[in-house]
Amino acid sequence: MTVGEVVLIVEDNDKNLKLARDLLQFAGFRTLEATSAEDGIAVAQRERPALVLMDIQLPRMDGIAALRALRGDGRTASIPVVALTASVMKSDRERFDAAGFDGFMQKPIDVKTFAADVRGFCARGRAA
Ligand code: MN
C-alpha cells in the first residue's frame, strides 16, 4: 500500500471508532474520523480519502443515504466505500450490495484481520 494512505472512518459509536482508528494507525494508515453521515460527507469532499469505512446505523442520515450522497458528488464518486455493519443477515448484505457499497466489514471488529482487510479494500478500489 501507499505509505500513510488515508482512511475515513464514519462511526457514531465511540468505542468502535477508537478501536478502528488505533488498529489502522498501528498498521501505518492515516485516519480521518466522523461521527455522523453529514460530517463524513463533508470530510470526504474536503479530504478525498483513499477509502471510506461507513457505519450503517447513524443518527438522522444513515450510511446508505450517505453512500448515495457520496456517489452523487463528483468529488467523492470514485472513492471506494465499505459498509461497517453489525448485521449478519443475508438480506441486509444483499441490501448493501444493491446500494452500491464496495464491500462490507463485520462488527464487532476483528482486531487480528481488520487492518489487512482495509488494506485489501484500498488496493481493490471501486468494485467492478
Ligand atoms: Mn452506529
Side-chain angles (χ1 to χ4, degrees):
M1 85 184 211
T2 309
V3 173
E5 207 147 37
V6 177
V7 175
L8 168 60
I9 308 159
V10 184
E11 168 63 79
D12 65 330
N13 179 289
D14 198 48
K15 198 168 152 237
N16 286 335
L17 179 63
K18 285 191 168 108
L19 179 58
R21 177 191 64 201
D22 289 350
L23 290 167
L24 292 181
Q25 289 186 356
F26 185 76
F29 291 92
R30 286 187 290 148
T31 58
L32 299 165
E33 296 163 26
T35 57
S36 71
E38 295 89 336
D39 283 351
I41 291 163
V43 173
Q45 289 170 343
R46 193 175 66 236
E47 305 287 342
R48 309 280 305 272
L51 182 76
V52 178
L53 297 178
M54 181 69 74
D55 183 21
I56 298 298
Q57 295 191 329
L58 293 162
R60 299 178 303 275
M61 184 183 204
D62 72 11
I64 292 175
L67 172 70
R68 281 195 209 104
L70 291 171
R71 290 290 155 76
D73 186 304
R75 290 166 291 183
T76 55
S78 65
I79 301 172
V81 183
V82 172
L84 199 54
T85 174
S87 174
V88 295
M89 296 194 36
K90 190 164 173 280
S91 59
D92 284 332
R93 293 188 173 182
E94 286 167 354
R95 196 162 58 93
F96 304 148
D97 278 345
F101 282 99
D102 296 290
F104 60 84
M105 295 180 75
Q106 186 74 47
K107 289 194 283 192
I109 288 169
D110 183 336
V111 297
K112 292 194 201 71
T113 60
F114 186 73
D117 289 347
V118 169
R119 187 167 296 147
F121 283 119
C122 283
R124 199 175 314 159
R126 286 291 318 279

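Whatever order the structure lists them in is the order used to number ligands and atoms, beginning at 1.
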Separation between CG of Asp117 and CG of Leu53, rounded to the nearest 0.5 Å: 10.5 Å
Tell me whether Asp12 has at least one N, O or S atom under 2.8 Å from the Mn ion (ligand 1). yes
Quick one: angle Asp55 OD2 - the Mn ion (ligand 1) - Gln57 O, to the nearest 10°? 80°
Looking at the Mn ion (ligand 1), is one of the N, O or S atoms of Asn13 less than 2.8 Å from it? no
Are any of the side-chain nitrogens in Lys107 or Glu11 under 4.0 Å away from the carboxylate oxygens of its partner? yes
Salt bridge check, Asp102 against Arg71: does any charged N sit closer than 4.0 Å to a carboxylate O? yes
Test Lys15 against every option in Leu17, Leu19, Asn13 by the side chain to side chain contact (heavy atoms under 4.5 Å, CB included) rule and name the one that passes. Asn13
